Each structure stands twice: as C-alpha cells, then as structure tokens.
Chemist: 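Have a look at this one before I ask anything.
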Amino acid sequence: MATSLRSRLCGSVRASDAGTKVRLGGWVHRTRDLGGIVFVDLRDRAGIVQVSFDPRWTPPEVLRRAGAVGVESVVLVEGEIAARPPESRNADLATGDVEVRATGLQLSGPSVTPAIPVARGKGEQLPAEELRLRHRYLDLRRPELHANLEMRHRLMQTTRRHLSDRGFLEIETPILTKPTPEGARDYIVPSRMHAGEFYALPQSPQLYKQLLMIAGYDRYFQIARCFRDEDLRADRQPEFTQIDIEAAFVGREDIMSVAEGLIGELFAESGAAAPAHFRRMSYADAMERYGTDRPDLRFGLELFDASDAFRETEFGIARSALGSGGRVRGLRLPGAAGFSRKQADELEEIAKSAGAGGLIRLRRTADSVEGPAAKFLGAEAVARLALADGDLALFVAGPDRVSSPALDRVRHEAARRLALVREGAREFLWVLDFPLFEQDAETGRLNATHHPFTSPHPDDLRHLESDPARVRAVAYDVVLNGMELGGGSIRIHDPAVQERVFRLLGIDEAAARLRFGFLLEGLRSGAPPHGGIAFGFDRIAMLLAGASSLRDVIAFPKTTAARALFEGAPSTVPAEDLDDLHIRVAGTAHD
RNA sequence: GGGACUGUAGCUCAGCUGGUUAGAGUGCCGGUCUGUCACACCGGAGGUCGCGGGUUCGAGCCCCGUCAGUCCCGCCA
C-alpha cells in the first residue's frame, strides 16, 4: 500500500514498528486540542491511528496548524512511530499501543464541515437514511461500510476462484437485451437507430446461459447484474447482483452439489460455517408444515390441520370454511397461554394484514380450555388438538392460500416473542419438487412457478396436458433461516417439451417464435441436458457481513422509490435528446 | 396501486391538553488548557418546525393535500 506519497496505511501501525519513520495520508477522524499539545485521530481504510503533535518533537508552526485542521479533511503527516506512555495506551484501538509523533503536516484536502458526521458519538443514532444516501461519500467513509464492502469483495473473489477452479468459465452476457413479456417489468432503453424500438435491461441472463450450453460452453458462471422494474423492499433493489451458474450434462444432484460447495466456501471466507450438505424438503411439505416455500427451521411451531376437531361443531367461521373446501389450520405456542389479550390481538393483526379474516384462539390452562371457540368444541374435539397446559393455539379457517401466508407470519412473530431463535443458528434447506405451474387466482391462467424453461419432472410428463397442476418441476431453492439464497432448475432441452409448456402457458407457436425463436432453434440444433442455479449475491453479502440492510452492502443503492439520491437519477433529459430517441413524453407539448 | 410510521438547529432528538420569546446533546465559531482518546471548562452564533392550503382569537401540535424517507401488502416468471 506504500505509494510515493505515503509509506503505509494508518491502521496498520503496531508496537513492533516503534522507531520507524513514516509518511501517512488519511482523513481527520477527530481532534483533541489540549492547548499545548494536539492529538489527531487519522483514519484510512485500514483503521485509525493517533497522531500526536507535541512541542518536544513538533515544530511550532506545524503544531499551530494541527490545532486548526477540520474533521474529514485529508492530511499528509510525517513523523515517527513511537510507543505511547504505558498509562495512555488505548485498548479499544488496534493501533492503541503506539502513536505517530508528527514532525510535519500538510493539509492536502481541506473539508467543509461535513453534512453528516462520520465519527459518531457513543449511542448516537445513524443519520437519516435519506441523508446517508444523499451524502453517500461521507456515509461510505464509516469503518462499518468499509468492512462490508471489503467482505463483499472477498466473497466475489472467492466465488470467481472457486468456480474457475472447477472448470466454470466466466462469460459476460449483454446488458442491452430484448424485452420479455413474462415476469417482472423490464427497464427499457430506447433505440436511437431504430425509431420506436427498445432494448431491455436483463432480468437475468437466463436465455443467454442456455444458449451457451447449446454452444458447448458446458460450465458457465457470471457475477451478473440484473434489473427488475418492480416496487422495492428492504431486501430488494431495482438492480442487483446474482451469482449465475449453468452446466451441461448434469442432473439436479450435480447442480446442488456445486451449490453446496460454493456456499460452504463463501461462509468459510466470512469465518462462518455451512454444512457440507443441506437438509431437503418438498415444496408440498414446506407449505403444509410451515405455510411457506422458504421455511425457517431454526424453531419448531409447525402448522397442523385441525379441521377434524372443528368439523362437527356449530362454530360458524370453521363451518363455512370447511363447507367451501377450506380447512382449519393452526399452530400451538407452548407457554403462550400467558399472552395478554393485547398480545394475542397483535398476533391477530399480523394474520389479518396477511389476508386472514382473523385468528381463532384457544388457551389451555391447567384445568380448562378457554377462548371464543371453546364452547363449540366437545371433549373429544379438544383432545384431538392435543394441547398441553400453558399452550396457546391459534387457528385460521379458510382456503390454504389464505391460511398459509397468515400462519407463516404468525409463526415468525410468535417465535420472536417466545425467543425461540437461537443466537447464531443457521438452518440450510433445499426446497424441492416445486409445482411447474401455478394458477392465477383471478384469470385461471397457468403461470410458470419458476420460469417457462424449467423442466417438468420426467415422471409427470404424461400429466402435462391432462392435469398440469400436479406436474412437478425439477427445480430447487436454497433457503437459509427463512431467506431464499438462490434457486434453479434443470431446463427443458427437448424442443417438443418446450413447445408443449409454451402452449400450456398460453404462448402460441407464433408468439413463441417471436419471443423465444432463437432458443427454440437452438434447442433443435443439438442441445445437451443442462441446468443451473442463481444466488442473490447482495443478500449473501448482507448476511455474511452482518449488515441489516441490502443498502449497507451496496456502494450506491437506490431508495424504495428507486431514486439515486446522490447523483439524482432518474432525471429529465434535454428535449433534443428525446427527439434523437424518437420519444415524446405523454402530457408534454414538445414537438 | 393500497396501508403504516417518520420529517423540529449541520447531525441525533425532546417539545405536555392548541397558548407568551421553540429546547437539549453533539457539531460549528471564539476563548482557557502539555497526555488526550466522545478530552475538559467558559462564551457565542445557528430555526421557512419538509412544502401548500384550511380550522382557530391563537397551530410545531388539529384537518386536507403534497413531497421525501423507511417498513409492509399487492407486485417481484
């Protein structure tokens, strides 16, 4: 790290360096002017070191200027590393046994008073997210974000090395690509040379990587930027990074094994551990037992079907649900019988916000079962629920598509309140055997659960047209603690099967040729069996950096309204530029 | 598209039931101070209470709208 202007990094100085002459460059983190002597905490990406300006070794003129430097200014310091007096060592600082005794000081990049502080007082909250994003270069100076981005870098290098060592080729695919009618909304880029035509930014390199397999590049990877123009969440940015992997002459187990190997390596790089192999669960199982396709297995609280207990009762909510083909499902919360009315109401609010009509509560105490539904349940029905003393049971009556998400959220909130999640616990899981299609609740149309190129399970091929809902996909998701890390599938490589799937999705032959003609032609031109997987790299980085938001592992993230506050994107463009692009903004008078 | 929360000094926040001149900490400016490390102490400056409208004798506080940020639902093949 030595350059012509500095001899080493501030944060790298140690007691063993005492006596060495150094030249340092860095940002003024804090200053302490005691009158006769001045201390400056100098910060660079390696850490902080104390520079002491003292008349015993500092020329008066330098000492005077040291007292006047503002925080966040860039200074160049000349001096000598010296052990601190024993009584003034600082155990909180990696460099705290030493200091740099300054003989020279050059104010290289003075700073105005920073809009947001970089050095924070103890217990002081971070500045508002808006300000952190608007003054991003200041926020990024904080050691926490330096550590996060360094971790991200290391994960990226580990990915490259790991996959490259295993014969995967890193191949770039286009950013200017073709709009896709399915899936998320595309970010659109107008073409100047072709009036009225548009490129789209890729939602993923899916088609390209399949074409690479057809072209014989039988192990591919890319750390790929992907773009989706959808509404955002804490864990969702409009542009994000995937580790994209595809291989030919493989089955499901080959890809899963590559994925486990890579995940293991990434966790090891961060100092954490991942098991060599992950547990497995079918989609159907996951939905039945946890109400979600990405269950958090760090705690129990499994859902169960209580329909039988309610079937013969006069309890109206349950009766109408059961009568219309729904079920009564619920979960037992051991030790939660002591929840107050208010606490139970809050859980109900969570269920309601997830779409449930309400929660049926049953509280089991030493000698009775209480709750609005209790009086409808006979002794036998109560016995069926197998409630233990101190249990609170919560039920949702209705179709699974309502009860599953509601109970999923109640389950998570209950686990949090009952403190069931062990600190540092990691539960990896493969979710397998997803349905190939899902039916749109409103239109009744079939949509691809994963994407239209996912291979049906060979055993289910014969049901493809007759009973598409029961057709399983050869697809797999990696889930960690309820968070989806990645997912993939074996792809269709038989053009006839691909055409059948397109037909079921309502994409007729003409439309298929228009949208995916190049893929279909490729499949007819010698396509190997192939499949792959993609991981959400930002999420993995967030997890392994211990960050609490995706924004803390992305150097220049967008807000939830998809704005870049620092550079001010998106923005209007001059009318002449729009003319060149053959674009007129609706509602403007410009010609 | 819908819901919730937030917006007061450069920053972090307090501001009671609507009531006189809007506060604290920190930062900033000036001063004292030779071993501090959130240095300490003394003094000072600093406000479009996000913006617009309304109710009221009177609005930081109530109402409507709007902008921005955050979280959630829908959406994200």
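Note: hydrogens, waters and symmetry copies are ignored here, and every other heavy atom, side chains too, is used. As the structure is a computational prediction, the values presented were derived from the model and not from experiment. Chain naming here is simple, since letters A, B, ... match the order of the sequence lines and numbering starts at 1 in each.
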Chemist: Taking salt bridge (charged side-chain N to carboxylate O under 4.0 Å, His left out) as the definition, give me every residue that meets it alongside A:Arg551, ordered by chain and number, with sequence neighbours left out.
Modeler: A:Glu129
Chemist: How many whole angstroms separate atom CD of A:Gln439 from atom C1' of B:A77?
Modeler: 16 Å
Chemist: For atom C1', what is the distance between B:C49 and B:U8, given to the nearest Å?
Modeler: 4 Å
Chemist: Going by purine N1 to pyrimidine N3 plus the second Watson-Crick contact, or the G-U wobble pair, all under 3.5 Å, which nucleotide sits opposite B:U17?
Modeler: none
Chemist: Kindly write out the residues that satisfy side-chain hydrogen bond (donor to acceptor under 3.5 Å, both in side chains) with A:Arg65, not counting sequence neighbours, or none if the list is empty.
Modeler: A:Glu61
Chemist: Distance check, P atoms only: B:C57 and B:U12, in whole angstrom units.
Modeler: 38 Å
Chemist: On RNA chain B, nearest-nucleotide positions of A:Val71 versus A:Pro117: which is more 5'?
Modeler: A:Pro117
Chemist: Does any residue of residues 493-501 of chain A have a heavy atom under 4.0 Å from RNA chain B, and if so, which ones, in number order?
Modeler: none
Chemist: Using the P atoms only, state how far B:G25 lies from B:A9, rounded to an integer number of Å.
Modeler: 16 Å
Chemist: What integer distance in Å separates A:Met483:CE from B:C76:C1'?
Modeler: 17 Å
Chemist: How close or far is atom C1' of B:C75 from atom CG of A:Asp186, stated in whole angstroms?
Modeler: 14 Å
Chemist: Distance check needed: B:C11 P versus A:Leu138 CG, whole Å only.
Modeler: 12 Å
Chemist: If B:C5 has a Watson-Crick or G-U wobble mate with both distances under 3.5 Å, name it; if not, just say none.
Modeler: B:G69
Chemist: Could you measure between the two C1' atoms, the one in B:U26 and the one in B:G52, and give it in whole Å?
Modeler: 33 Å
Chemist: Take atom P in B:U66 and the same atom in B:U20, then report the distance between them in whole Å.
Modeler: 32 Å
Chemist: Could you measure between the two C1' atoms, the one in B:G46 and the one in B:C29, and give it in whole Å?
Modeler: 10 Å
Chemist: Report the residues that fulfil side-chain hydrogen bond (donor to acceptor under 3.5 Å, both in side chains) with A:Arg236, sequence neighbours left out, ordered by chain and then residue number.
Modeler: none
Chemist: List the atom pairs, with distances to 0.1 Å, where a side-chain N or O of residues 77-84 of chain A and a protein N or O form a donor-acceptor pair under 3.5 Å, not counting sequence neighbours.
Modeler:
from, atom 1, to, atom 2, distance (Å)
A:Glu80, OE1, A:Lys21, NZ, 3.3
A:Arg84, NE, A:Gly96, O, 3.3
A:Arg84, NE, A:Val98, O, 3.0
A:Arg84, NH1, A:Ser88, O, 3.1

Chemist: Any pair with a residue in residues 111-141 of chain A that passes ring-ring contact (aromatic ring centres under 6.0 Å, His included), sequence neighbours left out, goes on the list, sorted by first then second residue, please.
Modeler: A:Tyr137-A:Phe566
Chemist: Just jot down the side-chain hydrogen bond (donor to acceptor under 3.5 Å, both in side chains) partners of A:Arg136, sequence neighbours excluded, or say none.
Modeler: A:Asp139
Chemist: Without decimals, in angstroms, what is the distance between A:His29 NE2 and B:U26 C1'?
Modeler: 14 Å
Chemist: Taking protein heavy atoms under 4.0 Å as touching, what does nucleotides 66-74 of chain B look like 5' to 3' if B marks base contact, S marks sugar-phosphate-only contact and - marks none?
Modeler: --SSBSSBB
Chemist: Using both distances under 3.5 Å as the test, list the Watson-Crick or G-U wobble partner of B:G43, or none.
Modeler: B:C29
Chemist: Just distance, no hydrogens or angles: give the donor-acceptor pairs under 3.5 Å from side chains in residues 499-508 of chain A, sequence neighbours left out.
Modeler:
from, atom 1, to, atom 2, distance (Å)
A:Glu499, OE2, A:Arg524, NH1, 2.9
A:Arg500, NE, A:Glu465, OE2, 2.9
A:Arg500, NH2, A:Leu461, O, 3.2
A:Arg500, NH2, A:Glu465, OE1, 2.9
A:Asp508, OD1, A:Ala510, N, 3.1
A:Asp508, OD1, A:Ala511, N, 2.7

Chemist: Remember a base hit wins even if backbone is also touched, and classify A:Thr449 as base, sugar-phosphate or nothing at under 4.0 Å, heavy atoms.
Modeler: sugar-phosphate
Chemist: Using the C1' atom in both, what is the distance from B:C33 to B:C41, to the nearest Å?
Modeler: 8 Å
Chemist: Who does B:C75 pair with, Watson-Crick or G-U, both distances under 3.5 Å?
Modeler: none
Chemist: Please identify each residue that fulfils side chain to side chain contact (heavy atoms under 4.5 Å, CB included) with A:Ala344, with sequence neighbours left out.
Modeler: A:Arg361
Chemist: Nearest whole Å is fine: how far is B:G10 C1' from A:Ile116 CD1?
Modeler: 11 Å
Chemist: Return the pairing partner of B:U55 with a 3.5 Å limit on both distances, Watson-Crick or G-U wobble; otherwise return none.
Modeler: none
Chemist: Which whole-number value in Å describes the distance from A:His135 NE2 to B:C11 P?
Modeler: 7 Å
Chemist: What integer distance in Å separates A:His450:NE2 from B:C76:C1'?
Modeler: 14 Å
Chemist: Regarding A:Thr20 and A:Arg8, is there a side-chain donor-to-acceptor distance under 3.5 Å anywhere?
Modeler: no
Chemist: Can you give one letter per nucleotide of nucleotides 34-46 of chain B, 5' to 3': B if a protein heavy atom sits under 4.0 Å from the base, S if only from the sugar-phosphate, - if neither?
Modeler: BBBBBB-------
Chemist: Ring centres of A:Phe516 and A:Phe453 under 6.0 Å apart?
Modeler: yes
Chemist: In the structure I gave you, are the side-chain heavy atoms of A:Phe535 and A:Gln242 within less than 4.5 Å of one another anywhere?
Modeler: no
Chemist: Sort out for me which residue in A:His530, A:Gln498, A:His451 forms a side-chain hydrogen bond (donor to acceptor under 3.5 Å, both in side chains) with A:Arg491.
Modeler: A:His451
Chemist: For B:A40 versus B:A4, give the span between their P atoms, rounded off to a whole number of Å.
Modeler: 44 Å
Chemist: Run the side-chain hydrogen bond (donor to acceptor under 3.5 Å, both in side chains) test against A:Asp44 and tell me which residues pass, sequence neighbours left out.
Modeler: none
